[in-house]
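Worksheet for the structure shown next.
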Amino acid sequence: MAASSALRLILGSSSASRRQILAEMGYSFTLLSADIDEKEIRKEKPEELVVALAHAKADAIMEKLRNNGMMKEILDSKETTLLITADQVVVHDGVIREKPSTPEEARKFIKGYSESHAATIGSVLVTDVKSGARKEGWDKAEVYFHKIPDEVVESLIEEGNVFYVAGGLLVEHPLTSPLVEAIVGTIDSVMGLPKALTEKLIKESLQEP
């Protein structure tokens with residue numbers, strides 16, 4: 001679905017996957033990153049954690065908009081401006097995994113996916129920048145891998161992209177996609193921005209009185 005001219009979208013993310021998915025949905029958007037310390041926010045349940053992080057990212061970006069003068073421009077315009085923030089963690093053997101911080105951690109994470117499936121828990125938060133109204137939701141998917149060879153693990157670590165994704169989990173990568181046995185859920189959810197949920201929250205935000 002293409003965006004209407006009266007809608008302006010801001011994607012509050014530095015994730016290439018989220019940029020790609022939102023573009024695939026037919027939307028034009030501007031990018032702003034939140035630059036928060038995600039480790040400062042802790043919740044026991046993964047669903048609560050990813051939603052809390054999406055709210056923290058939205059708070060940080062709203063502050064940026066106020067500080068850089070964009071907020072005044074948005075308030076003066078006739079367009080509806082929506083801010084999309086999202087977060088994701090991987091749950092493996094009952095443990096929440098965020099982005100790996102060392103090669104050793106990345107190696108442990110990726111090798112573990114050969115032994116048992118990984119679940120991705122991802123949040124989406126849509127904030128109406130003018131009114132401050134927010135719509136939130138979360139989505140879950142499961143990924144089952146065949147055995148991941150050591151040389152693939154080492155290549156992924158050397159390349160470095162695994163350090164920028166939750167759990168070091170890359171399903172769309174040319175080295176790992178042939179090793180995916182099954183996905184329960186959608187590939188866009190695994191990649192960090194579930195299309196159906198995002199579309200639903202955008203529509204709900206546009207229906208606000």
Side-chain angles (χ1 to χ4, degrees), residues 9-25 27 29-65 82-101 105-106 109-110 113 117-129 132-143 161-173 183-202 204-205:
L9 282 186
I10 300 168
L11 177 60
S13 176
S14 54
S15 156
S17 300
R18 291 192 183 112
R19 287 202 299 271
Q20 176 193 330
I21 292 165
L22 195 57
E24 283 172 5
M25 291 171 67
Y27 289 106
F29 51 90
T30 50
L31 288 169
L32 276 176
S33 60
D35 311 320
I36 63 167
D37 181 359
E38 297 185 12
K39 304 281 186 195
E40 283 189 355
I41 296 169
R42 302 289 84 183
K43 300 279 181 188
E44 278 189 28
K45 291 184 177 173
E47 300 85 359
E48 291 176 5
L49 176 62
V50 292
V51 169
L53 283 164
H55 277 278
K57 289 175 182 180
D59 292 342
I61 291 170
M62 292 286 277
E63 186 66 25
K64 264 191 184 181
L65 292 172
L82 299 179
L83 166 63
I84 299 172
T85 50
D87 194 75
Q88 184 184 57
V89 294
V90 169
V91 177
H92 185 256
D93 290 343
V95 178
I96 294 176
R97 292 181 168 182
E98 295 172 271
K99 298 178 184 87
S101 51
E105 195 170 38
F109 283 4
I110 301 165
Y113 302 139
H117 80 276
T120 59
I121 313 285
S123 63
V124 181
L125 175 70
V126 176
T127 302
D128 184 317
V129 175
R134 294 183 175 187
K135 301 284 183 186
E136 67 182 51
W138 59 270
D139 193 55
K140 179 179 178 180
E142 294 176 2
V143 187
N161 286 343
V162 291
F163 297 104
Y164 300 99
V165 293
L169 182 70
L170 287 168
V171 290
E172 70 279 16
H173 193 284
I183 291 176
V184 180
T186 61
I187 183 79
D188 40 271
S189 185
V190 175
M191 288 171 66
L193 192 70
K195 288 181 181 178
L197 176 60
T198 303
E199 192 70 73
K200 173 177 170 280
L201 296 175
I202 289 172
E204 285 178 4
S205 298

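- Across all non-hydrogen atoms, the minimal contact from I36 to A56 is CD1-CB, 3.8 Å.
- V90 approaches A166 most closely through the heavy-atom pair CG2-O, 3.3 Å.
- The side-chain heavy atoms of M25 and T198, taken from C-beta on, include a pair separated by under 4.5 Å.
- In this structure, the side chains of V129 and M62 come closer than 4.5 Å at one or more pairs of heavy atoms.
- Here the CD1 atom belonging to I96 is positioned 11.5 Å from the NZ atom belonging to K43, to the nearest 0.5 angstrom.
- D188 places a side-chain N or O within donor-acceptor distance of the main-chain N or O of K195, the cut-off being under 3.5 Å.
- Nearest heavy-atom pair, L31 versus S13, reported as atom, atom and distance to 0.1 Å: CD2-O, 3.8 Å.
- In plain terms, the two heavy atoms of R19 and F29 that are nearest each other are O-CZ, 3.5 Å.
- More than 12 heavy atoms of other residues, nucleotides or ligands sit less than 6.0 Å from atom NZ of K64.
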Hey, mind stepping through L201 and E136 against side chain to side chain contact (heavy atoms under 4.5 Å, CB included) and telling me if it holds?
CA-CA 7 Å; L201 296 175; E136 67 182 51; 5.6 Å; no
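- Taking every heavy atom of both residues into account, A52 and I41 meet most closely at CB-CG2, 4.0 Å.
- Looking only at side-chain heavy atoms (C-beta outward), S123 and L53 stay at 4.5 Å or farther from each other.
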I would like to know whether F109 and K99 meet side chain to side chain contact (heavy atoms under 4.5 Å, CB included); could you show each step before the answer?
CA-CA 10 Å; F109 283 4; K99 298 178 184 87; over 6 Å; no
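- Here R134 pairs with D59 under the salt bridge (Lys or Arg N to Asp or Glu O under 4.0 Å) rule; sequence neighbours left out.
- Using a 3.5 Å distance cut-off with no hydrogens or angles, the side chains of S205 and D128 do not pair a donor with an acceptor.
- For the pair E24 and R18, the salt-bridge criterion is not met [side-chain N within less than 4.0 Å of a carboxylate O].
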Starting from the C-alpha separation in whole Å, work towards a yes-or-no answer on side chain to side chain contact (heavy atoms under 4.5 Å, CB included) for L125 and I84.
CA-CA 6 Å; L125 175 70; I84 299 172; over 6 Å; no
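- By the 4.5 Å heavy-atom criterion applied to side chains, I10 and T127 are not counted as neighbours.
- Evaluation of the salt bridge (Lys or Arg N to Asp or Glu O under 4.0 Å) rule for K45 yields no partner, not counting sequence neighbours.
- Between the side chain of S33 and the main chain of S14, no donor-acceptor pair closer than 3.5 Å is present.
- Between L9 and T30, the closest side-chain pair of non-hydrogen atoms is not below 4.5 Å.
- For the pair S189 and T120, the tightest heavy-atom approach, listed with the atom from each and the gap, is O-OG1, 4.2 Å.
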Start with the C-alpha distance between Y27 and I202, add both sets of side-chain angles, then the distance that settles side chain to side chain contact (heavy atoms under 4.5 Å, CB included), and finish with yes or no.
CA-CA 11 Å; Y27 289 106; I202 289 172; 3.9 Å; yes
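- Using a distance-only test at 3.5 Å, with no hydrogens or angles considered, a donor-acceptor pair links the side chain of K57 to the main chain of A86.
- Here the CZ atom belonging to R97 is positioned 8.5 Å from the CD atom belonging to E105, to the nearest 0.5 angstrom.
- Taking 4.0 Å as the cut-off between side-chain N and carboxylate O, K200 and E204 count as a salt-bridged pair.
- Not counting sequence neighbours, the partners of H92 by the ring-ring contact (aromatic ring centres under 6.0 Å, His included) test are Y113.
- No side-chain heavy atom of I121 sits under 4.5 Å from any side-chain heavy atom of Q88.
- Between L32 atom CG and L11 atom CG the span is 9.0 Å, to the nearest 0.5 Å.
- A distance-only check finds a donor-acceptor pair linking the side chain of S15 to the backbone of S17 [under 3.5 Å].
- With contacts defined as side-chain heavy-atom distances shorter than 4.5 Å, the pair L170/V162 qualifies.
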